[in-house]
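Just so we're clear, the structure is a prediction, and the values are computed from it rather than from any experiment. Any value given below was found using the heavy atoms of this structure, including those in side chains, with hydrogens, waters and symmetry copies removed.
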Amino acid sequence: MSDADSPHEQVIYCNDPESGLRAIIAIHSLALGPAVGGCRFLPYDDEASALADVLRLSRGMTYKAAAAGLDTGGAKAVIIGDPSRDKTPKLLEAFGRFVDRLGGSYSTAGDVGTDSDDMDIIGRATRHVAFRNTGRGGSGDSGSNTALGVFQGILAAAEHRWGSPELRGRHVGVEGLGKVGFQLAVMLHEAGAKVTAADPSELARAKATSAVPDLRIVESVRELRTDVYAPCGWAAPSTTTSPGESRPRSSAEARTASWPRLTWRRSFSGPE
């Protein structure tokens, strides 16, 4: 669906020179109610790339909320920068003030590059924020619940394909060991699966190997022959066929980019 077929109601550019904030909030639809959507903090190549991402993601949030039967609209926000270097309380508070100016038409939340600690800081400037830490009256980070949803999807796919949800001995590739991928790797390990994972972050890899002693780390999971492929990184590629094989594998995605899903295909077709 093109932008012309589904235009956005509002796109807000947020710039605060004092804190260094450069962000974009995109509200796709308020037809069903006030819009909700997470805030990504990523080092986009340029503003055009950030805009394309936030427009695409906010549109997806509209349909996800509608499909879930929620009385909410769809929106998304992106902050341009390297979270490991540029993220500061001052910048997050500035973003919170931009959110607050929208008067409740948009509520933000955690996403790639942001977490519950960040939502607590944003919450100093606005009440329109979700997933604060439980000690601050929030529900905590959504990563564990997302991982649980993906894990349950893998069990359902296993039963469909092999006649049993048993994962013991199955080879699962996890692309990305962030908030979702890390939790998923732990769940898969506890279920007896053989887990291979990839992540560019040395800290993420170290945390995962500490929690899952027999975890195998590789440069890219996509190139491996696995029974299940779980792309949990923000830009992980999609494929349901192992390289060099015609047999399909299960793909359990944990990304807003293409909606969490399980698919079966006879040939590689790439992301939808």
Peer 1: For E93, enumerate each residue passing the salt bridge (Lys or Arg N to Asp or Glu O under 4.0 Å) test, keeping only those at least two apart in sequence or located in another chain.
Peer 2: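 So E93 forms a salt bridge (Lys or Arg N to Asp or Glu O under 4.0 Å) with R124.
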Peer 1: Tell me the closest heavy-atom pair linking H8 and L55, and the distance in Å.
Peer 2: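 Closest approach of H8 to L55, heavy atoms only: NE2-O, 3.1 Å.
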Peer 1: For a 4.5 angstrom cut-off between non-hydrogen side-chain atoms, does V212 reach V186?
Peer 2: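 Side-chain contact under 4.5 Å: yes.
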Peer 1: Only pairs at least two apart or in different chains count here, so list each salt bridge (charged side-chain N to carboxylate O under 4.0 Å, His left out) that has a residue in residues 176-185.
Peer 2: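 The answer is D141-K179.
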Peer 1: Just to verify, what does A185 make a side-chain contact (heavy atoms from CB on, under 4.5 Å) with, not counting sequence neighbours?
Peer 2: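 side-chain contact (heavy atoms from CB on, under 4.5 Å) check on A185 returns L177, V195.
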Peer 1: Side-chain contact test, heavy atoms from C-beta onward, threshold under 4.5 Å: evaluate it for V78 versus L42 and give yes or no.
Peer 2: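 Of all side-chain heavy-atom pairs linking L42 with V78, none is under 4.5 Å.
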Peer 1: With sequence neighbours excluded, tell me which residues meet side chain to side chain donor-acceptor pair (under 3.5 Å) with K90.
Peer 2: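 E18.
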Peer 1: List for me each residue that meets side chain to side chain donor-acceptor pair (under 3.5 Å) alongside D71, sequence neighbours excluded, and say none if there are none.
Peer 2: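 Listed in chain order: nothing, the list is empty.
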Peer 1: So, using side chain to side chain donor-acceptor pair (under 3.5 Å) as the criterion, who are the partners of S144 when residues are at least two apart?
Peer 2: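 Residues passing side chain to side chain donor-acceptor pair (under 3.5 Å) with S144: none at all.
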Peer 1: Can you list every pair that meets salt bridge (charged side-chain N to carboxylate O under 4.0 Å, His left out) and has a residue in residues 183-202, with sequence neighbours left out?
Peer 2: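 Those involving residues 183-202 do not exist here.
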Peer 1: Taking only Lys NZ, Arg NE, NH1 and NH2, and the carboxylate oxygens of Asp or Glu, determine whether R161 and D227 approach each other closer than 4.0 Å.
Peer 2: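 No, this pair does not count.
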Peer 1: Taking side-chain contact (heavy atoms from CB on, under 4.5 Å) as the definition, give me every residue that meets it alongside T126, ordered by chain and number, with sequence neighbours left out.
Peer 2: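 Applying side-chain contact (heavy atoms from CB on, under 4.5 Å) to T126 gives V99, D100, I122, H128.
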Peer 1: Sequence neighbours excluded, which residues qualify as side chain to side chain donor-acceptor pair (under 3.5 Å) partners of D45?
Peer 2: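 Here no residue qualifies.
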Peer 1: State, yes or no, whether a side-chain contact exists between Y44 and V54 at a heavy-atom distance under 4.5 Å.
Peer 2: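 They are not in side-chain contact.
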Peer 1: Could you work out, with side-chain contact (heavy atoms from CB on, under 4.5 Å) as the rule, every residue matching A77, not counting sequence neighbours?
Peer 2: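 If we apply the side-chain contact (heavy atoms from CB on, under 4.5 Å) test to A77, skipping adjacent residues, the hits are I25, C39, F95, Y106.
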Peer 1: Could you pull out the closest heavy-atom pair between G73 and A65, with the gap in Å?
Peer 2: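 For G73 and A65, the tightest heavy-atom pair comes out as O-CB, 4.4 Å.
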Peer 1: Run the side-chain contact (heavy atoms from CB on, under 4.5 Å) test against T196 and tell me which residues pass, sequence neighbours left out.
Peer 2: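 Expected list: H171, R216, V218, L224.
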Peer 1: Kindly write out the residues that satisfy salt bridge (Lys or Arg N to Asp or Glu O under 4.0 Å) with R168, not counting sequence neighbours, or none if the list is empty.
Peer 2: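 Once residues adjacent in sequence are excluded, the partners of R168 under the salt bridge (Lys or Arg N to Asp or Glu O under 4.0 Å) criterion are E166.
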Peer 1: Does a side chain donor of either T114 or D111 reach within less than 3.5 Å of an acceptor in the other side chain?
Peer 2: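 No pair is found: no donor N or O on one side chain lies under 3.5 Å from an acceptor on the other.
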Peer 1: I154 and F182: same hydrophobic cluster, using ILVMFWY side-chain contacts below 4.5 Å?
Peer 2: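 Same cluster: I154 reaches F182 through Ile, Leu, Val, Met, Phe, Trp or Tyr contacts under 4.5 Å.
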